[in-house]
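I have placed the structure first, in the form of structure tokens, so that the comments after it can refer back to it.
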2 protein chains.
Amino acid sequence: MLYSDMRIILQLLHSHMPVVPTDALKPRKSPRQARSTATVTAIHEATIQVLLSDGMARLTTTRVAQRAGVSVGTMYQYFPHKQALLYAVLDQYLDEVVVAIEEACTRYQGARLCEMSDGLVNAYLNAKLRYLPGSLAPYTVAADLDTARLISDVLQRTDRAIARLLASVPDAGFDDIAAVTFAVRTLLVGTVRASLESDSSPAALAMLRKQLPLMCRAYLVAASRGGVA
Amino acid sequence: MLYSDMRIILQLLHSHMPVVPTDALKPRKSPRQARSTATVTAIHEATIQVLLSDGMARLTTTRVAQRAGVSVGTMYQYFPHKQALLYAVLDQYLDEVVVAIEEACTRYQGARLCEMSDGLVNAYLNAKLRYLPGSLAPYTVAADLDTARLISDVLQRTDRAIARLLASVPDAGFDDIAAVTFAVRTLLVGTVRASLESDSSPAALAMLRKQLPLMCRAYLVAASRGGVA
DNA sequence: ACCTGAACACCGTTCAAGT
DNA sequence: ACCTGAACACCGTTCAAGT
């Protein structure tokens with residue numbers, strides 16, 4: 001088959017991709033007693049441990065259960081399937097990052113263009129690298145899940161915060177705030193990921209920390225109506 | 001290398017993320033007769049078909065073999081494991097994209113900053129979107145493989161082409177070409193991926209096509225020594 | 001030289017039986 | 001309520017037997 005045929009096939013079968021509806025990824029039932037609450041957190045932490053020590057490819061349900069000190073059956077009482085384990089971990093991680101972005105956007109509300117650009121970039125970099133410097137674990141986890149809804153929620157919150165920040169800049173105005181918001185968010189998320197995946201050495205991180213603020217500032221200045229005052 | 005050696009290596013590598021050494025991902029043996037050449041291409045194309053019609057999660061070895069019209073045993077004669085199937089598909093796809101970048105870098109050799117920036121960005125966008133507009137298939141494939149070496153090779157070729165292009169710009173100079181090359185490459189790869197993953201609708205693609213050239217140009221102007229002549 | 005497909009090992013998931 | 005772990009279905013991989 002030629003690659004040119006792939007487009008048609010792709011469009012015809014576009015709806016096949018989501019394997020598991022997002023709703024089904026949440027914990028199966030809420031714990032009602034102290035004992036089971038401890039079980040749930042133990043499973044949650046065991047997932048993180050196995051993920052970091054053994055890697056995504058060797059993360060099996062029995063291994064997580066063993067690490068958590070429970071049987072597989074117990075695990076399935078609270079998490080409907082393996083994906084739910086990972087979903088919970090990713091959910092928590094993404095929330096931390098989004099909160100960091102929202103806080104930065106609030107802190108730099110009304111700040112001048114260059115200052116707020118650097119503040120936003122550094123806040124994102126710090127959040128991404130705080131606990132897992134150079135770790136690709138979140139990306140490998142996300143790749144195995146149907147994260148459409150989760151990611152969509154996260155991006156909506158992020159975009160709302162960034163748009164409000166951009167609108168508050170005193171020394172610049174933007175004709176199309178939605179487009180600039182999209183560009184800035186894509187720039188942050190994309191470059192950090194691409195950078196980490198290609199090379200997560202300290203030297204590469206240093207490059208990223210130096211060049212990304214430059215990229216963001218330069219773009220914002222170029223995109224602002226009539227340049228910076 | 002004998003396959004029995006690989007199994008030992010696999011078990012020795014028990015403690016780290018890369019599950020399979022990249023060398024082992026290539027086809028197991030070269031076909032010596034016309035019949036088996038046809039078999040290999042049939043398997044290769046069947047992998048693409050199953051990937052696009054059923055998605056990564058439902059791509060099984062038996063399904064690919066069935067689609068290719070051969071038995072599983074035959075498949076394993078040419079591809080040492082499932083990952084090798086996907087590796088071959090990804091390898092071909094990435095090569096197409098890299099060639100497109102290299103061609104663009106040659107074409108815009110000696111062109112002025114803005115012209116060459118736009119040329120490079122558009123060449124990358126066209127290559128990524130030519131056959132699979134908005135498709136995430138390459139990313140989902142890559143996520144399941146140990147692609148360290150493959151990606152490393154691709155990035156090396158890309159960086160060499162971009163660095164040569166940057167050095168040839170007549171109306172601007174760069175103090176640290178390596179850093180700017182890293183930044184431009186990361187910007188291209190990262191933003192396109194992040195954009196596609198968040199929203200692959202025509203509207204989002206249009207935004208990307210408009211904002212990415214702006215980002216790249218603005219960054220290059222800002223990074224050039226003493227500004228554009 | 002190339003192909004076949006039953007057999008094996010392993011993993012995700014369930015459920016009857018326990019406290 | 002909560003937990004257990006043998007049992008089941010499915011998938012990646014192999015190998016003795018075929019042409």
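Throughout, a chain's letter reflects where its sequence line sits, starting with A, and its residues are numbered from 1.
- Place Thr61(A) and Val72(B) on DNA chain C by their nearest nucleotides, and Val72(B) ends up nearer the 5' end.
- Per the geometry, CZ belonging to Phe79(B) stands 15 Å off P belonging to dT14(D), to the nearest Å.
- Straight-line distance from the CZ atom of Arg58(B) to the P atom of dG12(D): 13 Å, rounded to whole Å.
- When the C1' atom of dA16(C) is taken as reference, atom CD of Gln77(A) falls 14 Å away, rounded to whole Å.
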*asked:* Using the rule given for salt bridge (Lys or Arg N to Asp or Glu O under 4.0 Å), can you reason through Glu96(A) versus Lys128(A), listing the C-alpha separation, both sets of side-chain angles and the distance that settles it, and then say yes or no?
replied: CA-CA 9 Å; Glu96(A) 283 180 31; Lys128(A) 282 300 263 190; over 6 Å; no
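- The salt bridge (charged side-chain N to carboxylate O under 4.0 Å, His left out) pairs that include a residue from residues 180-191 of chain B are Asp159(B)-Arg185(B), where partners are two or more places apart or lie in different chains.
- Partners of Arg67(B) according to the salt bridge (Lys or Arg N to Asp or Glu O under 4.0 Å) rule, which considers only residues two or more places apart in sequence or in another chain, do not exist here.
- Nearer to the 5' terminus of DNA chain C, by closest-nucleotide assignment, is the contact made by Thr62(A) (compared with the other of Thr62(A) and Thr74(A)).
- Considering only side-chain N and O atoms, Tyr76(B) lies nowhere under 4.0 angstrom from the phosphate OP1 or OP2 of dT14(D).
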Quick one: side chains of residues 150-158 of chain B, donor-acceptor pairs under 3.5 Å with protein atoms, not counting sequence neighbours, listed by atom name and distance.
unit_1: Arg157(B); atom_1: NE; unit_2: Glu102(B); atom_2: OE2; d: 3.2
unit_1: Arg157(B); atom_1: NH1; unit_2: Asp95(B); atom_2: OD1; d: 2.9
unit_1: Arg157(B); atom_1: NH2; unit_2: Glu102(B); atom_2: OE1; d: 3.2
unit_1: Thr158(B); atom_1: OG1; unit_2: Val154(B); atom_2: O; d: 2.7

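- The side chain of Thr60(A) places no N or O atom within less than 4.0 Å of a non-bridging phosphate oxygen (OP1 or OP2) of dC10(C).
- Put simply, CD on Gln83(B) is 17 Å from P on dC11(D), counting in whole angstrom units.
- Between Lys82(B) atom NZ and dC11(C) atom P the separation is 14 Å, expressed in whole Å.
- Rounded to a whole Å, the CZ atom of Arg63(B) is 12 Å from the P atom of dC10(D).
- Here Tyr78(A) reaches the OP1 or OP2 of dC3(D): one of its side-chain N or O atoms lies under 4.0 Å away.
- Atom-to-atom, CE of Met75(B) to P of dC11(D) comes out at 13 Å; the value is rounded to the nearest Å.
- In this structure, of dC3(D), dG5(C), dT4(D), it is dT4(D) that holds the atom nearest to the side chain of Val70(A).
- No donor-acceptor distance shorter than 3.5 angstrom exists from the side chain of Thr74(B) to the backbone of Val70(B), with no hydrogens or angles considered.
- Atom P of nucleotide dC11(C) and atom CD of Gln66(A) are separated by 12 Å, given to the nearest angstrom.
- Residues satisfying the salt bridge (Lys or Arg N to Asp or Glu O under 4.0 Å) test with Asp118(A), not counting sequence neighbours, are Arg217(A).
- With the 3.5 Å cutoff on both pairing distances, Watson-Crick and G-U pairs in DNA chain C assemble into runs of at least 3 at C:4-8 with D:12-16, C:12-16 with D:4-8.
- With sequence neighbours left out, the side-chain hydrogen bond (donor to acceptor under 3.5 Å, both in side chains) criterion links Gln211(B) to Tyr219(A).
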